[in-house]
Protein chains: 2
Amino acid sequence: MLSVASGSSRGQFFHADDVGPNAMTTDSCKQPRLSPRDRIVEAARELFRRHGIRGIGVDAIADAASSNKMTLYRHFNSKDELIVECLQRAGMEMDGFWRALEDAHPGDGLAQLRAWVRLIAEHLGDDDCHCEMMSAAVQLTDEDHPGRSVIRKFKDAQRDRVVEVCRKAGVANAELLCDTLLLLIEGARVAQQSSGVQGPSVRFAEIADAAILSLSGSDAVPR
Amino acid sequence: MLSVASGSSRGQFFHADDVGPNAMTTDSCKQPRLSPRDRIVEAARELFRRHGIRGIGVDAIADAASSNKMTLYRHFNSKDELIVECLQRAGMEMDGFWRALEDAHPGDGLAQLRAWVRLIAEHLGDDDCHCEMMSAAVQLTDEDHPGRSVIRKFKDAQRDRVVEVCRKAGVANAELLCDTLLLLIEGARVAQQSSGVQGPSVRFAEIADAAILSLSGSDAVPR
DNA sequence: CGAAAATGTTACTGGTCGGTAACATCTGCG
DNA sequence: CGCAGATGTTACCGACCAGTAACATTTTCG
């Protein structure tokens, strides 16, 4: 079933590694409360999604994390550093997503691609579907913002990974299929922002599947 | 040659209609200076592109327009109204763009589609290439912002228009080709924001042309 | 327990931003 | 010319925001 995105209130999941000295306040039967640092980061991601990076203040973030501004600034020297951490964490979640995809269809690149498309298509309807990297790239207009290099590195790595999956799927022109799918995915997500769920993104799955079918050169019928 | 985008400093062009009472201060041989209102709107569009809608203030806009904040607020009751005007003007420019496309290839829908793709691909390298509608849609996180309805209407009209062109091009599944191209275009533009000019958008023209070829049914590439 | 570290609370600074008021200047036109 | 409307100038307001200081409280762990 490949349920990789689950656990939190908004369809995101957390990594247990790299959480600092005190990950949880207690190991009793109560709900595992995250450390203030993690609460701040996750609250920031949520509020950045909802109101935009420039549309939310550090006070509101600290408040939503049930923490305070001082603790926030003890962990992050600036709001920009917090933004960077949010982006890095989003990238790590995507890494886990791809690992789960590989586990679900070991060695079968074509199945991984199809599952990837299908999951994105299913996730398109959610109101928090849009890629944090993409939104940040549009909102961080300053070319020198430290978050931009995080976005850039993630996007480059993602492209390399998808190309590799296309190659393992036996696609002749792996780069072409990779970029086709990447453009369609980014387009579907951003089109949904401007045209809504009934816009061009409604046909994303159909279009992406056709691209895989056409460029993979396989005769197999999807699904 | 279809040179529809030319005349201003940043590859945009203005419409002479609907400019208000005093369009130009003088009709002498000097450069035709726009009215303060138009200067403000065009300065706002430029600065919104460069720094984001939330990243620039009304003072800076008025200053860049060689005007002042009071004149700005005499023409627009709020910054949001100015944003709406900017979006409407961007939409009008796109209307003119499509009229020029129809004039350049009268009746030939296929040629119009191909010219559209080619122009967008050529324009991709420019630093001001990204669609104002798309950027605004990402930045105006408030669902009730008046600019969102402008974006929505424009996108709907654009989709209808492209579908119509696809029909005139004799495409069997006009909606499918339309949405494919729209997703690819939006994806190419937003991918450039996050992945740079050497990202997946470098293959946009190739991919879009292949989509037109494949779905127009002019040559055989059955699915 | 008891100390050290982490976290919470309050208040503050300096700056920016959207928006307004009062007044001065310029421009076009009868 | 002379008036009216449009435009420019300066100053100001209240709200918000990023970031800091000083101090109180809680949690962690030897």
Side-chain angles (χ1 to χ4, degrees), chain A residues 18-28 30 32-44 47-48 51-86 139-142 145-147, chain B residues 19-28 30 32-44 47-48 50-86 139-142 145-147:
Chain A
D18 195 19
V19 288
N22 49 352
M24 298 171 183
T25 59
T26 170
D27 53 351
S28 73
K30 297 232 171 209
R33 189 167 172 77
L34 298 168
S35 72
R37 189 179 203 274
D38 288 346
R39 294 203 314 266
I40 288 170
V41 173
E42 295 308 323
L47 292 176
F48 286 161
H51 305 282
I53 291 180
R54 301 183 119 130
I56 203 73
V58 287
D59 288 279
I61 293 171
D63 205 55
S66 299
S67 185
N68 55 80
K69 195 159 54 168
M70 270 314 299
T71 302
L72 189 154
Y73 275 102
R74 286 193 191 101
H75 287 287
F76 308 98
N77 291 323
S78 65
K79 187 184 179 184
D80 285 344
E81 270 193 17
L82 174 58
I83 294 169
V84 167
E85 174 75 18
C86 289
Q139 291 174 30
L140 299 182
T141 50
D142 184 5
H145 193 287
Chain B
V19 288
N22 49 351
M24 301 171 183
T25 59
T26 171
D27 54 352
S28 73
K30 297 229 172 212
R33 188 167 172 78
L34 297 168
S35 72
R37 188 180 202 275
D38 287 347
R39 294 201 316 264
I40 288 170
V41 173
E42 295 308 323
L47 292 176
F48 287 161
R50 291 234 295 255
H51 305 284
I53 290 180
R54 303 183 118 131
I56 202 73
V58 286
D59 288 280
I61 293 171
D63 206 54
S66 299
S67 185
N68 54 82
K69 196 161 55 170
M70 270 314 299
T71 302
L72 190 153
Y73 275 102
R74 286 194 191 99
H75 287 286
F76 308 98
N77 291 324
S78 66
K79 186 184 180 184
D80 285 344
E81 270 194 17
L82 174 59
I83 293 169
V84 167
E85 173 76 18
C86 289
Q139 291 175 31
L140 300 182
T141 51
D142 184 6
H145 193 287

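In the text below, chain A, chain B and the rest are named by the order of the sequence lines, each starting its count at 1.
- Remark: C1' of C:dT16 and NE2 of B:H51 are 15 Å apart, rounded to the nearest angstrom.
- Ranking D:dA18, C:dT9, C:dT20 by closeness to the B:K69 side chain, first place goes to C:dT20.
- Under the 3.5 Å distance criterion, with hydrogens and angles disregarded, a donor-acceptor pair is assigned to the side chains of B:R54 and B:T141.
- The distance between atom CZ of A:R39 and atom C1' of D:dT27, rounded to the nearest whole Å, is 13 Å.
- Along DNA chain D, the nucleotide nearest to A:R54 and the one nearest to A:R74 differ in position, and the one closer to the 5' end is contacted by A:R54.
- Contact detail for B:C86 and B:V41: the closest heavy-atom pair is SG-O, 3.7 Å.
- Taken over five-pair windows at either terminus, the axes of the helix from C:dC1-D:dG30 to C:dG30-D:dC1 are inclined to one another by 20° (rounded to 10 degrees).
- B:L82 approaches B:A44 most closely through the heavy-atom pair CD2-CB, 3.9 Å.
- Taking only side-chain atoms of A:D59, from C-beta outward, the nucleotide of C:dG8, D:dA18, D:dT7 with the closest atom is D:dA18.
- Checked against B:I53 for a side chain to side chain contact (heavy atoms under 4.5 Å, CB included), the options B:D80, B:I83, B:L47 give a single hit: B:I83.
- B:L47 has its CG atom 16 Å from the C1' atom of C:dT16, to the nearest Å.
- When rounded to the nearest whole Å, the span between CD1 of B:I61 and P of C:dC17 equals 10 Å.
- The minimum heavy-atom distance linking B:R39 with B:S67 is given by the pair NH2-CB, 4.2 Å.
- One atom, CE of A:M70, and another, P of C:dC12, lie 16 Å apart when rounded to the nearest Å.
- Put simply, OH on B:Y73 is 20 Å from P on D:dA11, counting in whole angstrom units.
- The nearest whole Å value for the distance from the CG atom in B:L34 to the P atom in D:dT7 is 13 Å.
- The side chain of A:K79 approaches D:dG19 more closely than any other nucleotide in the set C:dT7, D:dG19, D:dT7.
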- From CA spacing to verdict: side-chain contact (heavy atoms from CB on, under 4.5 Å), A:I40, A:F76: CA-CA 10 Å; A:I40 288 170; A:F76 308 98; 4.2 Å; yes
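- In terms of phosphate contacts, B:H75 brings a side-chain nitrogen or oxygen within less than 4.0 Å of OP1 or OP2 of D:dT7.
- Look at CG on B:L72: it is 14 Å from P on C:dC17, rounded to the nearest Å.
- Residues B:T71 and B:N68 come closest through the heavy atom pair N-OD1, 3.0 Å.
- You'll find that the side chain of A:S78 is closest to D:dG19, out of D:dG19, C:dT7, C:dG18.
- Note on A:I56: only backbone sugar-phosphate atoms sit closer than 4.0 angstrom, heavy atoms only; bases stay farther off.
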